[in-house]
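Letters go in sequence order (proteins before strands), and every chain restarts at 1. Keep in mind the model is a prediction, meaning the values are calculated, not measured.
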There are 2 protein chains.
Amino acid sequence: MTDDLMTIREMCDAFDVTPRTLRFYESKELLFPEREGQKRLFTRRDRGRLKLILRGKRFGFSLEEIRQLLDLYQLGDQQHTQLVRAYEIARERLAEMQARRDELNQAISELQTQIDWAGKIIESNETTQKAAE
Amino acid sequence: MTDDLMTIREMCDAFDVTPRTLRFYESKELLFPEREGQKRLFTRRDRGRLKLILRGKRFGFSLEEIRQLLDLYQLGDQQHTQLVRAYEIARERLAEMQARRDELNQAISELQTQIDWAGKIIESNETTQKAAE
DNA sequence: CGTTTCGCTTACGTCAACGTCAATCTCATG
DNA sequence: CATGAGATTGACGTTGACGTAAGCGAAACG
């Protein structure tokens, strides 16, 4: 593939973000595009990371938290101590995410209940209205 | 129950927030505490809403989005048109939340995979180290 | 009765996550 | 070669969600 590398514009179109956002993420060390002269060229690795960044944001993680999470996905070349530490952090994060999912499930079922109620009310309103006509 | 009404301090202790936060939420019309003279007194309704507010925040909703969600839980005294509209919004939100949950589940299983790998690496490192001793 | 202790209001400060604008630079195209 | 479209680097502006400090009123305590 010749377009293993993508320009900033291609990235923006692909992920629906602005150039400013990509430069900002680079300045925060979330992305590490290569350079061709001055111009940024984003790699497959950058795309993978960006995907995770955007996902993290949808769950309300801060960019700093996301940066730490990203490091967990790149555990290859670590020292043993570092690896063990990352492992522990990862297990904590996993527990958090599972707790969140459970909470989210509860929120969903509560909202579902409200919706069912509202549906019934609307239904009865409409039938009584029809009856009144 | 005589303490159906709670002071600002009791609320802060119960929900681990600051007074500033509660006043801020009131100013944004997320909470509607009663008044005894100048002092705020938070009702059971306020506590229910605060619980939902804090939950919403954990999922990355803005306060404005949360305000709209809260209205869905108070569909009693609405006009028919309003009710139908709220019903539609609620169904959209529900779909969003379900999508989020699915995405979260995927993120969890991916992270789980990474953790399993890391666990294996750590294990093998430790056994080879032991063997070398 | 003085003085802490809460609580209230008003108002300015802060931090994250970008938006926006100006001033270059660079390269392709008429 | 001019020029116009994109990209880059500062640098300042903005918005959301509070923090924080100043000043005042009420009430509870020694």
Side-chain angles (χ1 to χ4, degrees), chain A residues 2-43 46-47 49-71 93 96 100, chain B residues 2-43 46-47 49-71 93 96 100:
Chain A
T2 166
D3 65 349
D4 191 7
L5 298 177
M6 288 173 61
T7 74
I8 200 167
R9 182 108 304 275
E10 290 167 341
M11 288 291 282
C12 291
D13 294 346
F15 290 92
D16 193 32
V17 295
T18 70
R20 173 66 173 125
T21 299
L22 295 177
R23 297 192 192 106
F24 181 72
Y25 289 168
E26 182 185 4
S27 77
K28 295 287 169 155
E29 309 199 334
L30 291 164
L31 299 177
F32 309 95
E34 300 175 1
R35 296 296 177 117
E36 176 185 272
Q38 283 285 60
K39 305 198 171 176
R40 277 164 249 261
L41 290 177
F42 294 84
T43 68
D46 291 315
R47 293 195 286 281
R49 293 175 72 94
L50 181 53
K51 190 176 165 189
L52 292 175
I53 292 168
L54 298 177
R55 181 156 77 186
K57 291 200 60 183
R58 285 195 290 281
F59 295 116
F61 289 109
S62 74
L63 290 185
E64 177 53 28
E65 290 171 323
I66 291 171
R67 204 181 56 72
Q68 295 181 25
L69 268 174
L70 280 172
D71 295 344
R93 291 288 186 206
E96 273 179 42
R100 278 199 182 201
Chain B
T2 166
D3 66 348
D4 190 8
L5 298 177
M6 287 174 62
T7 74
I8 200 167
R9 184 107 303 276
E10 289 167 342
M11 288 291 281
C12 292
D13 294 347
F15 290 92
D16 194 30
V17 294
T18 71
R20 172 66 173 126
T21 300
L22 294 177
R23 296 192 193 107
F24 181 73
Y25 289 168
E26 182 184 4
S27 77
K28 295 286 169 157
E29 308 199 336
L30 292 165
L31 298 177
F32 308 96
E34 300 175 359
R35 295 295 176 119
E36 176 185 272
Q38 282 283 62
K39 304 199 171 177
R40 278 165 248 262
L41 289 178
F42 294 84
T43 69
D46 291 315
R47 292 195 287 281
R49 294 175 72 93
L50 182 53
K51 191 176 165 188
L52 292 175
I53 292 167
L54 298 178
R55 182 156 77 187
K57 291 201 58 184
R58 284 195 290 281
F59 295 116
F61 290 108
S62 74
L63 290 185
E64 177 52 29
E65 291 171 321
I66 291 172
R67 206 181 55 72
Q68 296 180 27
L69 268 174
L70 281 173
D71 295 342
R93 291 286 184 204
E96 272 180 40
R100 276 199 183 202

Could you state the atom-to-atom distance from [atom1] of [X] to [atom2] of [N] in whole Å?
X       : N      : atom1 : atom2 : answer
A:Leu41 : D:dG6  : CG    : P     : 17 Å
A:Met11 : D:dT8  : CE    : P     : 12 Å
B:Phe61 : D:dG16 : CZ    : C1'   : 17 Å
A:Arg20 : D:dC12 : CZ    : P     : 13 Å
A:Lys39 : D:dG6  : NZ    : C1'   : 6 Å
B:Ile8  : D:dC18 : CD1   : C1'   : 14 Å

Under the 6.0 Å and 45° cation-pi test, does A:Arg93 pair with A:Phe59? no
Interatomic spacing from NZ in B:Lys28 to CD1 in B:Ile53 - rounded to 0.5 Å: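 With rounding to 0.5 Å, NZ (B:Lys28) is 12.5 Å from CD1 (B:Ile53).
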How long is the straight-line distance from NZ of A:Lys51 back to CZ of A:Phe15, given to the nearest 0.5 Å?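 One gets 8.0 Å once the value is rounded to the nearest 0.5 Å.
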Close residues, residues 23-36 of chain A, relative to DNA chain D [heavy-atom separation under 4.0 Å]: A:Arg23, A:Arg35
Side-chain donor-acceptor distances from residues 30-42 of chain B under 3.5 Å, at least two apart:
unit_1  : atom_1 : unit_2  : atom_2 : d
B:Arg35 : NH1    : B:Gln38 : O      : 2.9
B:Arg35 : NH2    : B:Glu26 : OE2    : 3.2
B:Arg40 : NH1    : B:Glu26 : OE1    : 2.2

Please identify each residue that fulfils side-chain hydrogen bond (donor to acceptor under 3.5 Å, both in side chains) with [X], with sequence neighbours left out.
X       : result
B:Arg23 : none
B:Thr7  : none
B:Arg67 : B:Glu64

Going 5' to 3' along DNA chain C, which nucleotides are the first and last within contact of chain A (any atom under 4.0 Å from a heavy atom)?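 Range of nucleotides touched by chain A: C:dA17 to C:dT20.
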Can you name the closest pair of heavy atoms from B:Cys12 and B:Pro19 and give their distance?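 Distance-wise, the nearest heavy atoms are SG-N, 3.4 Å.
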Please state whether the phosphate of D:dG19, meaning OP1 or OP2, lies under 4.0 angstrom from any side-chain nitrogen or oxygen of B:Thr18. yes
